[in-house]
Structures are given as structure tokens and as C-alpha cells.
Participant: 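Let me give you the structure first, and then I'll get to my questions.
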Amino acid sequence: MPGPVQSIERAAAILRLLARGSGRLGVGEIATSLGLAKGTTHGILRTLQGVGFVEQDKASGKYQLGATLLHLGTSYLDVNDLRSRAINWADALASRSGEAVRIGTPLDGKVLVVHHVFRPDDSLQTLDVGSLLPLHATALGKVLLAYDADVASQVKDEDLEWFTRRTLVTAEALNRAIGQVRELGWAVEVEEFTPGQASIAAPIRGYGGLVVGAISIAGAVERLCPLADRADPGLVAFVQNAARAISRDLGAGRW
């Protein structure tokens with residue numbers, strides 16, 4: 001196996017130094033701190049500047065972390081912001097619907113559960129925070145597929161796994177379901193992931209209307225979809241109202 005790349009290690013050390021210090025350092029200060037030659041340090045800084053990872057202050061000539069690098073870290077911050085903004089609304093949704101509530105975001109072709117509220121009864125339940133769910137077999141996943149082209153590009157027909165006899169495992173069936181989500185503004189899944197269980201989900205949007213996640217309720221089919229697998233309109237309204245409330249808190253404006 002090849003060993004570590006020294007220049008990348010040095011670049012990472014410079015970024016860590018800028019992140020933990022005053023936030024603005026000169027070439028000499030960085031070189032001294034890391035035991036590097038000034039020429040080497042300057043070359044790495046120019047490369048990092050070229051890709052937007054650092055910026056140079058014109059007045060002082062010192063360097064600081066760049067906007068591009070800071071933007072790369074927002075996915076982690078977004079998850080935490082999403083969870084903190086959604087907690088109260090998720091609790092209220094669980095209380096109103098009587099069902100378990102999950103909030104999910106995309107991660108590596110799956111749905112990452114970032115928040116989970118138990119069904120408000122005395123039944124034995126398992127916390128799902130941190131779990132990865134399939135995009136094609138859950139209401140949360142269908143919402144993310146419907147509104148995020150990058151997420152949709154990660155799902156290929158040959159990768160669609162069977163979970164139950166009702167799982168959508170062809171591109172045609174999945175595309176039809178995704179189209180329906182876009183038309184209705186919410187998603188439903190009936191026994192596609194777990195026999196006897198159904199879920200209803202709606203998109204959570206951030207600034208500019210960008211979908212940053214989804215919120216769902218999940219429970220027994222007879223409670224969520226009592227008539228011919230059709231989602232209960234009252235429960236759909238509860239989910240959509242919660243999604244809109246969280247979206248407003250995240251700055252989604254009219255959404």
C-alpha cells in the first residue's frame with residue numbers, strides 16, 4: 001500500500017493551524033509553527049488559495065480559512081441545525097399523530113436518520129438515530145429522491161434491494177412513485193420496507209427552497225392507510241404542517 005502524501009499532510013496541518021488560532025497568520029508564523037521552510041509553506045498556501053481553501057488579506061498579507069472550505073463544513077452544521085430546529089415540531093407531530101416521527105437527510109445513497117421521536121405509548125421501541133435507511137423503500141427516501149437530483153443519481157436500477165414483496169425494485173416503478181411525490185408534495189410507503197408498517201413523509205426546505213431533509217411518521221398500515229392503502233388525509237396534513245413549520249424556521253420563506 002502506498003504511504004501518506006507529505007504535501008497533503010502539510011496542507012492539512014496548515015488548515016488546522018488556521019482553524020484553531022486567531023484565524024489569520026502570516027507565512028513566517030505558519031512556517032515557524034510547523035517547522036517548514038518559508039518557500040514550501042508559501043507554495044502550499046498559494047495552492048490552497050487557488051482552490052479557495054484559504055484567503056489572503058490584501059492589507060496585511062496574512063492568510064485565513066477561505067469561504068470554499070467553510071462551505072464544505074456546512075453539511076455537518078446543517079444536520080445539527082436541522083435537528084435543533086426540528087425537535088419541538090417533531091415532538092408535536094408525534095403527539096398529534098400518535099405515531100413515531102423520524103427526520104432524515106441523504107448520506108452516501110441512503111437516508112440518515114438524524115432525529116427520532118418514539119410513538120407516544122408504552123410499547124417497546126428502538127432508537128433509530130444514526131440508522132441508514134434505503135432511499136427507494138421508505139417515504140423519507142422517496143421525498144429526497146424526488147427533490148434532489150444528486151441523490152437520485154446515486155440510485156441505480158440494479159442496486160434496488162428487495163425488502164418485501166411490495167418493494168419497488170424497477171426504475172419504471174420507482175420513477176412513477178417519485179413523480180407522484182412531486183405532484184402531491186408528500187410521499188407514502190406501504191409495506192415496502194417492513195411488513196405491516198407504513199410511513200408518510202414531506203420535504204423540509206432551507207434557504208431558497210432547497211430540500212435539506214424530510215420528516216415522516218411511521219406506524220401500522222391500518223392506522224396510517226386505513227382505506228385501500230391510501231394515506232389518511234388528516235395524518236398527511238399533520239406531516240406537511242410540521243415540515244412547513246420546520247422549513248420556515250430554516251428560512252425557506254414561502255415554502
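Atom set for the values below is all heavy atoms of this structure, side chains included, hydrogens, waters and symmetry mates excluded. What you see is a predicted model; the values in this text were computed from it and never measured.
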Participant: Roughly how far apart are I200 CD1 and I217 CD1, rounded to 0.5 Å?
Facilitator: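 Answer for the CD1-CD1 pair, I200 versus I217, is 4.5 Å.
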
Participant: Looking at CD1 of I14 and CG of L45, how far apart are the two atoms once the value is rounded to the nearest 0.5 Å?
Facilitator: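 Result: 4.5 Å between the selected atoms.
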
Participant: Under 4.5 Å between side-chain heavy atoms, hopping through other hydrophobics if needed: is there a path connecting I204 to V129?
Facilitator: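 They do not share one cluster, since no chain of ILVMFWY contacts under 4.5 Å joins I204 to V129.
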
Participant: Does some side-chain heavy atom of Q125 sit less than 4.5 Å from a side-chain heavy atom of S123?
Facilitator: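 They are in side-chain contact.
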
Participant: Which value, rounded to the nearest 0.5 Å, describes the distance between L133 atom CG and F163 atom CZ?
Facilitator: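 Reported value, rounded in 0.5 Å steps: 9.0 Å.
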
Participant: Counting only N and O atoms by type, is there a donor-acceptor contact under 3.5 Å from the side chain of Q49 to the main-chain atoms of V54?
Facilitator: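 Between the backbone of V54 and the side chain of Q49 there is no qualifying donor-acceptor contact (under 3.5 Å).
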
Participant: Backbone N or O of A252 within a donor-acceptor pair of the S247 side chain at under 3.5 Å?
Facilitator: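 Side chain of S247 to backbone of A252: no pair is present.
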
Participant: Enter the distance from L127:CG to F118:CZ here, rounded to the nearest 0.5 Å.
Facilitator: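 With rounding to 0.5 Å, CG (L127) is 5.0 Å from CZ (F118).
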
Participant: What are the two closest non-hydrogen atoms of L93 and A242, and how far apart are they?
Facilitator: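 Result for this residue pair: CD2-CB, 4.0 Å.
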
Participant: When clusters are formed by joining ILVMFWY residues with side-chain heavy atoms under 4.5 Å apart, either directly or through shared neighbours, do I87 and I103 land in the same one?
Facilitator: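 Each belongs to a different hydrophobic cluster.
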
Participant: Of all residues at least two apart in sequence or in a different chain, which pass the side-chain contact (heavy atoms from CB on, under 4.5 Å) check with T126?
Facilitator: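 Applying side-chain contact (heavy atoms from CB on, under 4.5 Å) to T126 gives none.
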
Participant: Just by modelled atom types, is the L224 backbone N or O under 3.5 Å from a matching donor or acceptor in the E222 side chain?
Facilitator: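 Not confirmed, E222 side chain does not pair with L224 backbone.
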
Participant: Nearest 0.5 angstrom please: D232 CG to F238 CZ, how far?
Facilitator: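 The CG atom of D232 sits 8.5 Å away from the CZ atom of F238.
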
Participant: Donor-acceptor pair, distance only, cut-off 3.5 Å: does the side chain of T164 make one with the backbone of R166?
Facilitator: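 Yes, T164 side chain to R166 backbone: donor-acceptor pair under 3.5 Å.
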
Participant: According to salt bridge (charged side-chain N to carboxylate O under 4.0 Å, His left out), who are the partners of E192, at least two apart in sequence or on a separate chain?
Facilitator: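 Salt bridge (charged side-chain N to carboxylate O under 4.0 Å, His left out) list for E192, sorted by chain: K142.
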
Participant: Is it true that atom CG of L227 has more than 12 heavy atoms of other residues, nucleotides or ligands lying nearer than 6.0 Å?
Facilitator: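 Counting neighbours around CG of L227, 12 or fewer heavy atoms of other residues, nucleotides or ligands fall under 6.0 Å, so no.
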
Participant: Donor-acceptor pair, D148 side chain versus L144 backbone, under 3.5 Å?
Facilitator: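 No.
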
Participant: For F193 and A137, which heavy atoms make the closest approach, and how far apart are they?
Facilitator: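 Taking F193 first and A137 second, the nearest heavy atoms are CB-O, 3.3 Å.
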
Participant: For the residue pair L160 and T170, what are the closest heavy atoms and their distance?
Facilitator: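 Looking at all heavy atoms of both residues, the closest pair is CD1-N, 3.9 Å.
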
Participant: With the side chain counted from C-beta on, respond yes when H42 and K38 share a heavy-atom pair under 4.5 Å apart, and no when they do not.
Facilitator: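 Counting from C-beta outward, H42 and K38 never come under 4.5 Å.
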
Participant: Which pairs, with at least one residue in residues 89-115 and sequence neighbours excluded, count as a side chain to side chain donor-acceptor pair (under 3.5 Å)?
Facilitator: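 The answer is W89-D249, E99-R223, R102-D128.
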
Participant: Please confirm whether the backbone N or O of L36 pairs with a side-chain atom of T40, one donor and one acceptor, at under 3.5 Å?
Facilitator: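 Between the backbone of L36 and the side chain of T40 there is no qualifying donor-acceptor contact (under 3.5 Å).
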
Participant: Side chains of R176 and Q180: closer than 4.5 Å at any heavy-atom pair?
Facilitator: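 Sidechains of Q180 and R176: no contact.
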
Participant: For G104 versus L140, what's the shortest heavy-atom pair and its separation?
Facilitator: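 G104 and L140 have their closest heavy atoms at N-CD2, 4.1 Å.
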
Participant: Check whether any side-chain N or O of H136 sits under 3.5 Å from a backbone N or O of V169 as a donor-acceptor pair, and report yes or no.
Facilitator: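 Checking the backbone N and O of V169 against the side chain of H136, no donor-acceptor pair under 3.5 Å is found.
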
Participant: With side chains defined as the heavy atoms from C-beta onward, is the minimum distance between P134 and E161 less than 4.5 Å?
Facilitator: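 SC-SC contact between P134 and E161 ruled out.
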
Participant: Report the residues that fulfil salt bridge (charged side-chain N to carboxylate O under 4.0 Å, His left out) with R46, sequence neighbours left out, ordered by chain and then residue number.
Facilitator: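 R46 satisfies salt bridge (charged side-chain N to carboxylate O under 4.0 Å, His left out) with no residue once adjacent residues are dropped.
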
Participant: What verdict does the side-chain contact (heavy atoms from CB on, under 4.5 Å) test give for V239 and V101, after you've listed the backbone C-alpha separation in whole Å, the side-chain angles of each residue and the deciding distance to 0.1 Å?
Facilitator: CA-CA 9 Å; V239 175; V101 175; over 6 Å; no

Participant: What is the distance from atom OG1 of T47 to atom CZ of R10, rounded to the nearest 0.5 Å?
Facilitator: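 Between atom OG1 of T47 and atom CZ of R10 there are 13.0 Å.
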
Participant: Counting distance only, does the side-chain N/O of S216 pair as donor-acceptor with the main-chain N or O of A201 below 3.5 Å?
Facilitator: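 Not confirmed, S216 side chain does not pair with A201 backbone.
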
Participant: Sequence neighbours excluded, which residues qualify as side-chain contact (heavy atoms from CB on, under 4.5 Å) partners of E29?
Facilitator: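 Partners of E29 under the side-chain contact (heavy atoms from CB on, under 4.5 Å) test: L25, K62.
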
Participant: If you compare all heavy atoms of A94 against all heavy atoms of P120, which two are closest, and at what distance to 0.1 Å?
Facilitator: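 Closest heavy-atom pair between A94 and P120: O-CG, 3.4 Å.
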
Participant: What heavy-atom pair brings P106 and V151 nearest, and what distance separates the two atoms?
Facilitator: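 Shortest heavy-atom separation between P106 and V151 comes out as CB-CG2, 3.5 Å.
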
Participant: Classify the side-chain pair E189/T138 by whether it contains a donor and acceptor separated by less than 3.5 Å.
Facilitator: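 There is no such pair between these side chains.
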
Participant: Going by the rule side-chain contact (heavy atoms from CB on, under 4.5 Å), which residues pair with Q240 if we only count those two or more places apart in sequence or in a different chain?
Facilitator: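 Checked Q240 against side-chain contact (heavy atoms from CB on, under 4.5 Å); matches are W186, A202, V236, R244.
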
Participant: Please determine whether side-chain contact (heavy atoms from CB on, under 4.5 Å) holds for the pair L174 and L145, giving the CA-CA distance in whole Å, both sets of side-chain angles, and the decisive distance to 0.1 Å.
Facilitator: CA-CA 10 Å; L174 185 58; L145 287 170; 4.2 Å; yes

